[in-house]
2 protein chains.
Amino acid sequence: MSTTPAAQPPAPRHAGGMAIGALSRRTAVKVPTIRYYEEIGLLPTPPRGGNGRRLYGEAAVDRLGFIRRARDLGFGIDDIRALLDMSDRPGQPCADIDRIARQHRDAVRDKIRQLASLEAALTAMVDQCGHGAVADCQILEALGRD
Amino acid sequence: MSTTPAAQPPAPRHAGGMAIGALSRRTAVKVPTIRYYEEIGLLPTPPRGGNGRRLYGEAAVDRLGFIRRARDLGFGIDDIRALLDMSDRPGQPCADIDRIARQHRDAVRDKIRQLASLEAALTAMVDQCGHGAVADCQILEALGRD
DNA sequence: CCTACATCCTCCAGTGACTAGAGGATCAAG
DNA sequence: CTTGATCCTCTAGTCACTGGAGGATGTAGG
């Protein structure tokens, strides 16, 4: 759009942005995973250099870092997609964000409850093991009972 | 092997065994799942009736019930395969069985620990939500921070 | 200038433990 | 005889990646 085509500085060192490997190192997200996120639309398709390689800027570092932290907290891809969409509309009320976080927390709580009763059952099994022959194993016995 | 080919009773009601649907109802394992277990070698290939349909006996009910209970406790397929193999050798000591159960219990404990700290983080996020605009959302803020 | 070696590209296949559907054959009951 | 349930095989989809093949570049050292 500018009518001054010659005024650009001659491509400073970081102008084109970083390659996918550098982005990977900065965010601790593996290279194939970054390409996967692009494929499923979590990351925008980046510009390419003359060699066809992807070039990323700081915005990509922020967005990918956001995704990684949300994944670390166990959010699913669809949830993250929704969170990112909402963060692109800063004027909206944040009720939906709160809802997603609450739902996820509740799901985590449920999972903890399930696993706790599982752990109790497994501990009971292990404690009853007589360390004898397989024929007398209480663990197999417990699994074999209706 | 018998030299008395005519002495068999004329196929009593339960002689051929039950169909896959009946086995499914008895064990609460879905039909496609049973076929899947057969495919991956967890269940032996059953005999077929003249119509090509699978026929199961009580042994299949027991084995499949064992598998289902172990799956409910979160054991992976490979663990279950090992447990079944061991239960077929009743003379061996049951140390390996104990080891598998202990490993699994420890893995469950680890998972609980991870999820508990996750829940704490999510609860902190939810509690800090100001219920205002997306621009001020503490949840997004928390996810956006390095 | 040449040679390694790293990094990048695309495409395809595999993971775990199923689940779902197509398309067709057979069975049991009314 | 018709209807609806059940069975068969085969293929493909789920989730969130991960790994490899095979080939094209880029960068550093000699």
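Below, read A as the first sequence line, B as the second, and so on, with proteins coming before strands; counting in each chain starts at 1.
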query = Closest heavy-atom contact between B:Arg68 and B:Asp72?
reply = NH1-OD2, 2.6 Å
request  = With rounding to the nearest 0.5 Å, note down the distance linking CG in A:Leu43 to CG in A:Leu84.
outcome  = 8.5 Å
request  = Enter the distance from B:Ile139:CD1 to A:Arg99:CZ here, rounded to the nearest 0.5 Å.
outcome  = 11.0 Å
query = Shortest non-hydrogen contact from A:Ile34 to A:Tyr56?
reply = CG2-OH, 3.7 Å
task = Enter the distance from B:Ser24:OG to B:Arg26:CZ here, rounded to the nearest 0.5 Å.
result = 12.0 Å
task = Heavy atoms only: give me the nearest A:Asp88-A:Arg63 pair and the separation to one decimal.
result = OD2-NH1, 4.0 Å
note = By nearest-nucleotide position on DNA chain D, the 5'-leaning member of B:Gly52 and A:Asp78 is B:Gly52
remark   = On a heavy-atom basis, the closest approach of B:Pro46 and B:Leu55 is CB-O, 3.5 Å
Heavy-atom closest pair, residues B:Met18 and B:Gly57 = CE-O, 3.8 Å
ask   = For residues 22-41 of chain A, which residues have at least one heavy atom under 4.0 Å from DNA chain D?
value = A:Lys30, A:Thr33, A:Tyr36, A:Tyr37
task = Over all heavy atoms of both residues, which pair between A:Val126 and B:Ala101 is shortest? Give the atoms and the distance, please.
result = CG2-CB, 3.8 Å
query = Between which nucleotides of DNA chain D, 5' to 3', does chain A make heavy-atom contacts below 4.0 Å?
reply = D:dA16 to D:dG26
query = For DNA chain C, which nucleotides open and close the run of contacts to chain B, 5' to 3', at under 4.0 angstrom from a non-hydrogen atom?
reply = C:dA17 to C:dC27
query = Any link between A:Leu140 and B:Leu42 through a network of hydrophobic side chains (Ile, Leu, Val, Met, Phe, Trp, Tyr) touching at under 4.5 Å?
reply = yes
